[in-house]
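Some notes on the structure that comes next.
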Amino acid sequence: MPKYVIFGSFIGTDARTCMGRYANHEGFLMERHALTEEAVANRFRGMETRLADVDAVVEAERCFTCYDAPCTDACPAAIDIPAFIRALAVGQPARAASLILRENPLGMSCARVCPVEALCEASCVRVSDAGGAVRIGLLQRLAMEHARPGATAPVSAGSFRVAIIGAGPAGMTVARLLAEEGAQVTLLDGDSRPGGLNETGIAAYKMLDDAAQKEAAWLLRHPCIEIRLQTVLGRDVTLASLREQYHAVVLALGLAAQRRLQIPGEELPGVLPAVPFIAALRRGETVPVGREVVVIGGGMTAIDIAIQIRLLGAGIVHICYRRGIEDMVASEHERQLARDQGVLIHAGLRPVEIREAVGGGMELLMDFWHKEAGKWVPSGKSVTCFADQIFTAIGQTLDQSAWVDDPKLMSVALDAQGKIAVDALGRTNLPFVYAAGDCAGRSPDLTVHAVADAKRVASAILADLKSEVA
Ligand code: SF4
């Protein structure tokens with residue numbers, strides 16, 4: 001059954017319209033066809049990098065097992081990296097996995113999505129050696145394939161009741177950590193599946209074989225965790241009611257609203273926010289794929305959508321970023337992955353206007369900016385390019401729609417960036433109300449940072465509740 005329709009037109013328009021445009025501008029006609037689900041899976045699987053068990057042992061033996069290991073210092077989740085690599089080197093992958101899970105309950109997804117080249121591997125003492133840094137990310141991925149989830153020792157339920165709103169990486173991690181300490185946890189989420197951005201915002205080729213759902217299922221399989229899905233804050237529950245019923249409430253809402261370009265033409269049907277499109281791909285829905293695609297943004301989401309749309313058959317994919325290549329949030333490793341797929345990355349380009357093109361498709365007008373005396377300023381030059389699809393990947397903001405319906409939420413203080421203001425341990429301005437993950441926004445929006453955040457919040461909740469009853 002066709003899952004991904006490739007056509008040279010933008011959504012809502014007859015493909016023939018675009019064929020006309022191409023005939024006018026490029027002198028050839030596009031062919032309309034569809035990919036099977038299997039063909040798509042094969043294309044995505046080509047992006048996977050794995051170590052065979054035997055290669056993993058060789059790689060693990062390159063590790064010096066450093067005392068005060070800089071790789072562990074660079075890991076936001078503080079995984080004992082030399083210890084788990086040692087376990088792999090001596091043929092104990094299941095033990096390696098349990099060492100990872102001890103510090104990072106999301107060790108599987110972090111092994112797939114962490115920018116290790118900018119974190120642990122960048123700090124490895126072997127980074128300048130001919131063989132490069134120890135390939136910690138691939139070793140972690142292999143170790144997690146040997147994980148024996150569910151082996152956690154049963155705990156007796158304590159008397160603390162905690163409600164967590166949002167079953168994304170931060171919410172799930174807080175839930176699991178508190179449950180392991182005996183707290184009764186209720187995890188609420190508006191979606192029909194847990195996982196948050198791990199489920200909806202990360203490229204399908206990084207999470208093949210339903211990896212995120214398997215991890216979430218393990219993480220939340222605990223007698224002290226109750227999950228209530230399709231439960232929306234402000235509609236089905238209020239902060240006030242949760243505060244009455246629970247000893248503590250954690251806001252792990254993520255950032256659900258898409259940031260807008262705020263330029264004329266943004267409302268055209270071929271202009272799409274990247275995250276909902278990636279989510280549709282993850283759900284296996286049929287999606288349109290343009291022939292000429294422009295992605296606006298410079299982060300991991302921009303890279304994810306560009307690679308995926310290219311793998312799905314887009315002919316030309318441009319990433320346009322408003323500052324310099326070196327300013328992009330996406331690492332050089334990620335950028336090279338995109339280039340390897342034929343994605344063209346352009347710096348110093350700011351979108352100004354999007355117009356319907358004569359004969360179909362869109363014209364995107366962009367100004368060139370350049371650096372002068374350390375500042376990005378307009379160069380006075382501009383360019384117009386054609387596109388069937390334009391994806392915006394310029395970040396998300398806190399969705400405050402729930403705030404309107406829930407007066408108690410109005411009293412949660414926000415910071416200058418419009419995120420929930422918290423102290424170093426995730427406490428908000430309201431007693432026993434905490435915030436974790438992207439919605440609290442103290443660190444970059446990486447899964448591993450959500451885990452680190454969740455660890456701090458879980459320990460703060462336990463400390464605060466214990467001191468309250470002492
Ligand atoms: Fe091993 Fe490199 Fe970490 Fe040292 S810094 S423990 S060599 S991975």
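All of these numbers come straight from a predicted model, not from anything done at the bench. For this chain, numbers begin at 1 and follow the sequence in order. As the structure lists them, so they are numbered: ligands from 1, and atoms in each ligand from 1. What's counted below: heavy atoms across the whole structure, side chains too, no hydrogens, waters or symmetry copies.
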Could you tell me whether the side chain of Leu364 reaches within less than 4.5 Å of the side chain of Pro351, counting heavy atoms only?
-> yes

Does NZ or CZ of Arg176 fall inside the cone over Trp218's six-membered ring, less than 6.0 Å from its centre and within 45° of the axis?
-> yes

Between Ala302 and Ile319, the two heavy atoms sitting closest are O-CD1, 3.9 Å

Charged N-O contact under 4.0 Å between Arg427 and Asp423 = yes

When rounded to the nearest 0.5 Å, the distance separating OH of Tyr434 from CG of Asp464 is 3.5 Å

For atom 2 (Fe) of ligand 1, report each protein N, O or S atom nearer than 2.8 Å, sorted by chain and then by residue number.
-> Cys124 SG

Presence of salt bridge, Arg339 and Glu332, under 4.0 angstrom = yes

